[in-house]
Structure formats: structure tokens, C-alpha cells
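Report on the following structure.
Lettering of chains follows the sequences in order, A, B, ..., and the numbering in each one begins at 1. Everything numeric here is computed off the predicted structure, so don't read it as measured data.
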There are 2 protein chains.
Amino acid sequence: MEEAETDARPVRRKAPPTIYDVAKLTGFSASTVSRALNKPGRINAKTEERIRDAAASIGYQLNPMARALPTGRTDTMAVLISDITNPVYLQLLRGAEHVATSSELTLVFAESQEDPALELSTARRLLPSVDGMLLFGSRLTDDQILDLAEIKPVVLANREVEGVPAIVPEVTVGIRQAVDHLQSLGHRSIGYVSGPATSWMNRRRWEVVFESAVARGLTVVEIPIGDATMAGGEAALPRVLASGVTAVLTYNDLVALGLLRTARAARIDVPGGLSIVGFDNVFGADLTTPTLTSIGTPSTEVGEAAMRRLLGELDREAEAAAGLLETSLVVRESTGPPGAA
Amino acid sequence: MEEAETDARPVRRKAPPTIYDVAKLTGFSASTVSRALNKPGRINAKTEERIRDAAASIGYQLNPMARALPTGRTDTMAVLISDITNPVYLQLLRGAEHVATSSELTLVFAESQEDPALELSTARRLLPSVDGMLLFGSRLTDDQILDLAEIKPVVLANREVEGVPAIVPEVTVGIRQAVDHLQSLGHRSIGYVSGPATSWMNRRRWEVVFESAVARGLTVVEIPIGDATMAGGEAALPRVLASGVTAVLTYNDLVALGLLRTARAARIDVPGGLSIVGFDNVFGADLTTPTLTSIGTPSTEVGEAAMRRLLGELDREAEAAAGLLETSLVVRESTGPPGAA
DNA sequence: CTGAAAGCGCTTACAG
DNA sequence: CTGAAAGCGCTTACAG
């Protein structure tokens, strides 16, 4: 590791200029400076221009925290995600970040590492300094979320709580397509390798898998695993094999990728010996051999929609969300007829 | 997309309690409440306890912005990354986030989408409300960075500027290993598929590749591409082939992965017809066929070290950084003897 | 159109 | 150990 030298001379950081500095410089009052800078057109145009120029000349920069105190408006949003390791949350973050940036909003970000207690304390700590909060894949209880939503506007993604705005991609279509796909390939018995018990989205996906399978007369079992990671997927193989199913859907692509990898290492043919359907269609799904069939989720769009919704709650540019957020099956090579090995 | 109903009753958000509320409740002054809550042990133990209890009972929560005004201390750090799409920056972010969270620090996050102008304006906007700033893969000029560093402490990652603290993984060892590896396989002519011209890290990597190759008597060429993405890597194939090299190192794994994919699609044997060495060893590198040989970079550790360094600059728990941050070659299947197809 | 004044929620010398 | 007071950098009725 190289480290550039730190400054020899201790950096003299002069206090940044305030509106009083530009007031002094221009001869106007602080009130007028404030208006010139923030209420364009409400004061004499000449005055405004002179003040703006002066402000620019001394590098005046508004102090957002000082403004927030009297107004209560921070122009800052918080986003909390439960697991930064999961590419899906990264996509959500990315979507949220894009609309925040384009709205000149500051974005405060934290991860709770799947720990509900940490999530709650972080949310409480952050709430006073933001206008609103996005909870992505929250592991909190419904009541805890409702409590937070009493303090400041909260919008959920990939989670539903009665009474709190939420953006959740519709999972039904994609899952039905996947189940139809498997059935048409000849599978009669399928499994769902499930994710964290605390994950609302996991429950939701399992419910729909269950209903879809039952509605089509297929046998279906849930195969719970530890972590929704590649390692979790790898660890699931014995149970998947023992279950006797010929195809599985998984909670997410990480699990599917892990499963795919160990299956191949164990010389089990995919899809001949086992068909695998992932979920979310993340980066890497089309890199494997065989490539991974996956139910695609518009995660970036969900993140964007969530941030827009939050802005709407705050009566800012309520720019309507981008229509339906649907999942849909992306068929690749990891699914095929059973016993085709 | 489903959206949970918004509250029927318009949520009455009561103003959050202040220290004056707990002062009133306990009969002590606001000054004493402030001390009880923030300077443990400096006032009567009984008093302190009573005040803490009262504060907890009404759900008092410190307003960080109100505190920041008189103290100038925000307990908030900003991290700016140039491209959220690049997994490496995500790793850096993740490392920084982890130490921030464990230090009870708030983390403000923004992406500049490879746009220097946006990076500069975002940095300026954020600086007043944070204690310090991390610039990851900054695309600013040295002078711009120096200007920012005059305002608040700045720490760089994957970029060096004289006079500004920086955390940069040592790239030499990994690159030398890679060049040795290629030479020992029999390659005599290698290429470097380079990344963004604005990227300091790209220049640095090229320099070391160049020196290493020359020192070993190998022929070496730089092959510049547009974007450092998979698509960029795909687009680079014709130029790589035209250059006549038998092996390439790439600026990063995304480029390598793109190149690998099109090469195979074009029925070029990897490594027989072309050996490929990626950089950073990101998620997905061991998922491909063939798996990708890559120079591993400890990105999460770099992010952590950068945040620790920033804390050090601010005289907070200067917990020494975790020793040397080295790169090292991870040999997989995408490299082999030339002409072995 | 412009200014003086009060107040946002804290902290911290300064007294007592 | 505790309190009264001033001040952090803004905004915004209220006057003029």
C-alpha cells in the first residue's frame, strides 16, 4: 500500500463564508442575501445579481444544516438496506440514488447486516436529520415500521406493511411463467429453495410458487436454507437431492448460482439431472455454464419508484411512478426436460 | 406492481421532543439535560439517571443538525464514487460503510456517473454538512481535489494526489506475477486493454504493465477502449485480434468478462487462441467458462482503510490501517500456453 | 423591495 | 453540580 504524504504544513481551514459575509460585502442585510440566494425573482433584479456575484466571488456555500433548523427541511433522504452483499439491494440503492442525485437531494445510506436491532437503532438515529426514509427489504416488524412512519414519511421496497406506502414488483407473472415452463418441460415435482425467514419477499415468493404449483397439479416442497448466499445454495444440494424433486426455483440468484456450481462439481447434470430457476436475474446469471434461467426483477426501477414515491409523500414533484413493475422469466440453459442427462 | 394503501387518516406528525421538553419534565435546565445526555459522569449521577429516564420515556432523540451548528461536528462522512455500476466501487463503499456503521457515523453517499462536473458540484454541495469526505476513483483534477481538501479533510482511494492522504492498493506485485505467469506460459507479446483516460488507476496499471513487460523483454501494446464495461470489452475484440498479441491484461474484470464472452462467441479458444487476465477478481470471475484469471485487489479493505484514515485525520480513533494492501494473481483457466488450441 | 428581530435545537464558556 | 445567556447560520413573518 502506498500512502501519499499528508500535508506538511497543518492545513489552515478558514471558517467558510456565511450570508453575513456576503451581506457585509454587498451592503445589504442578511435577510436580503438569503432571499437573493433562495427566492429568485422576489427582490430587485439588480440587487439579486449583485448579491449572487458577491456570493460566488467569495465561494459562499449554503450550510444545509443551518437551513434545516428553522425550516425543518433537510433535502436529505435516508436509505436503509438489510444486506449490502446482495446485488438486488445494490440495484435498489442505485435506482434510489439516481433519482436523488437528479433531484439535488442528499442521500444518507446505511446497511443493517440482516440485524433487526441494528436496523431499528440506525433508523432512529438517522430519522431526525432526513426528510424521509426508504426501507429496502426491511427486517423490522410491522409495528416497528409503523412507529418509524409516524415520525417521518417512510416508503418500503420489497416489503409490505398495511398503512405504509410500498413498492413491490409483482411476482406472480414471473413465477407462473417459470412454473408453466417447468411443467411444459415435463417436471411433475418441484422445490422452492427458500431464503431468510425474516424476509417478507421470501414468504411472498414461496406463497406464489406454492399456489402456482398446486393449481397445476404439481408436487411442491419448500427447502429452507441458512443464508441466501452462494454458500447457502451450495449447502442446500443434499437436501434438494434428497427431496426427489427434478427442478427447483430459488429465493434468489445467489442461491441458484451456488446450487448450480456444487451440482456441477458433484457431476450432476444441469438441467438433465436438476433444473434450476433463479430469481432476480442479477449480474453473472448469463456468465455461468450452463447459463441460469431466472425470473427477472426490475430492481433498479423499484428503487427509482420508491424514491419517487417518497418525494410524492413529501409533496415534491410527485412524478408518477413508471407503471407496473413486473417480473418475467428469462429462459436460459439451466432448465430442461427431466432425466435428459 | 402492488402499492399498499397510504394512510387513510392524514398522519399527524407531532414535532419531536427537544431537550426543553425533557427539561420541563424533570425540572432541570436545558444545559443540564444536554450535559446529562452527552457528558456522562460530569453531573450528579442521580440527576443524570433521572434525566436519561425522562428522555427515554418521551422518546427524545438528539437532533444532529442542531448539534452540528454550534459544534461544527456532524458525525457524518461523505463518500463519492465515480461509477456505481463498477463492482469495485461497490466494494469500496461497502468497506467504508462498515467502519462508518461500527463508529456510529452517518454516511452520505453519491455517485457522479463518470462526470467530473457533477462530481465537483456534488462534492461542494455535500462538504458543508459533513466532517470529511472520501473520494473513490475521483475524476477531478489534482487542483480541484486540493481545493476540496482545503475545506474539509479528504481521503482518496484508488487515486493519488500530492498532499492528499490516499489509500491505494499496491499494484506492482500482482501485475508482475501476471506478467511472469504469461511469460512462463510462453507468451512473448502481450496487450493491455485500458480503461477510462480520466482514471488515475488505469494509468497506473498501464505503467506497471509496461515496465514489467519491457523488463522481461516482452512486446507490449496498449489497447484503449471506450467504456470500462462488459460492452467495452466486447467491442475491444477486433482490436485485440488485430494487434497480434497472444495474451492481454485488462483494466478490470468487467472488460475481461466482456472480452472473454465475445471471444468464445467468435469461436476463439480461450486460453489457446487468447489468454486473458482480468483485474480486481470481482464476483463472477470464477463463474465463467473458462473461469477468469484475475489480479485480485482487496477492495473492501481499501474502503475500510480509507474510512479509518479519514477518522484519523479528524483525530478520532486513528486505529492504524490493516498493514499493506497488496494485489495478487489468482490463476484460473483463462490463461494458458499460446497456440494450444 | 428591504431590514430588524425572533427563533429553529443544541452547546458551552461563564458564574454561582 | 447547575443555570442563564449567548451564539452557531439560516429563514421568515412583521414592519416600513
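Defined by atom type and a distance below 3.5 Å, a donor-acceptor pair is missing between the side-chain atoms of A:Thr122 and A:Glu119. Between the side chains of B:Ser34 and B:Ser31, not a single donor N or O lies within less than 3.5 Å of an accepting N or O. Side chains of A:Arg94 and A:Ser299: no donor on one and acceptor on the other come within 3.5 Å. Side-chain contact check for B:Arg125 and A:Thr106: at least one donor-acceptor pair (N or O, by modelled atom type) lies under 3.5 Å. For the 3.5 Å distance criterion, the side chains of B:Thr300 and B:Glu304 fail to qualify, holding no donor opposite an acceptor.
B:Thr71 comes within 4.0 angstrom of the backbone, heavy atoms only, and of no base. A:Phe28 comes within 4.0 angstrom of the backbone, heavy atoms only, and of no base. Across all strands shown, A:Lys46 has no heavy atoms under 4.0 Å from either base or sugar-phosphate atoms.
Between D:dC10 and D:dC14, the distance separating the two P atoms is 24 Å to the nearest Å.
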Check your understanding: Just the dot-bracket of DNA chain D, please: which string comes out with Watson-Crick or G-U pairs under 3.5 Å, [ ] for crossing, | for another strand?
Key -> |||.||||||||.|||
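In summary, of the residues considered (A:Glu97, A:Glu104, A:His98), a side-chain hydrogen bond (donor to acceptor under 3.5 Å, both in side chains) with A:Thr101 occurs for A:Glu97 alone.
Ranked by how close their nearest DNA chain C nucleotide is to the 5' end, B:Met65 and B:Lys39 are led by B:Met65. Each of B:Tyr20 and A:Tyr60 lies near DNA chain D, and the nucleotide nearest B:Tyr20 is the one positioned closer to the 5' end. The residue among A:Leu69 and A:Thr32 whose nearest nucleotide of DNA chain C is located toward the 5' end is A:Thr32.
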**Study point:** Check against side-chain contact (heavy atoms from CB on, under 4.5 Å), A:Asp83 and A:Gln113
**Key:** CA-CA 5 Å; A:Asp83 178 16; A:Gln113 299 166 78; over 6 Å; no
Exercise for review: Take A:Asp142 and A:Arg159 through the test salt bridge (charged side-chain N to carboxylate O under 4.0 Å, His left out) and record every step on the way to the result.
Suggested key: CA-CA 10 Å; A:Asp142 288 11; A:Arg159 167 75 183 260; 2.7 Å; yes
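In summary, contact between chain B and DNA chain C, defined as any nucleotide atom under 4.0 Å from a heavy atom of the protein, begins and ends at C:dG9 to C:dA13 in the 5' to 3' direction.
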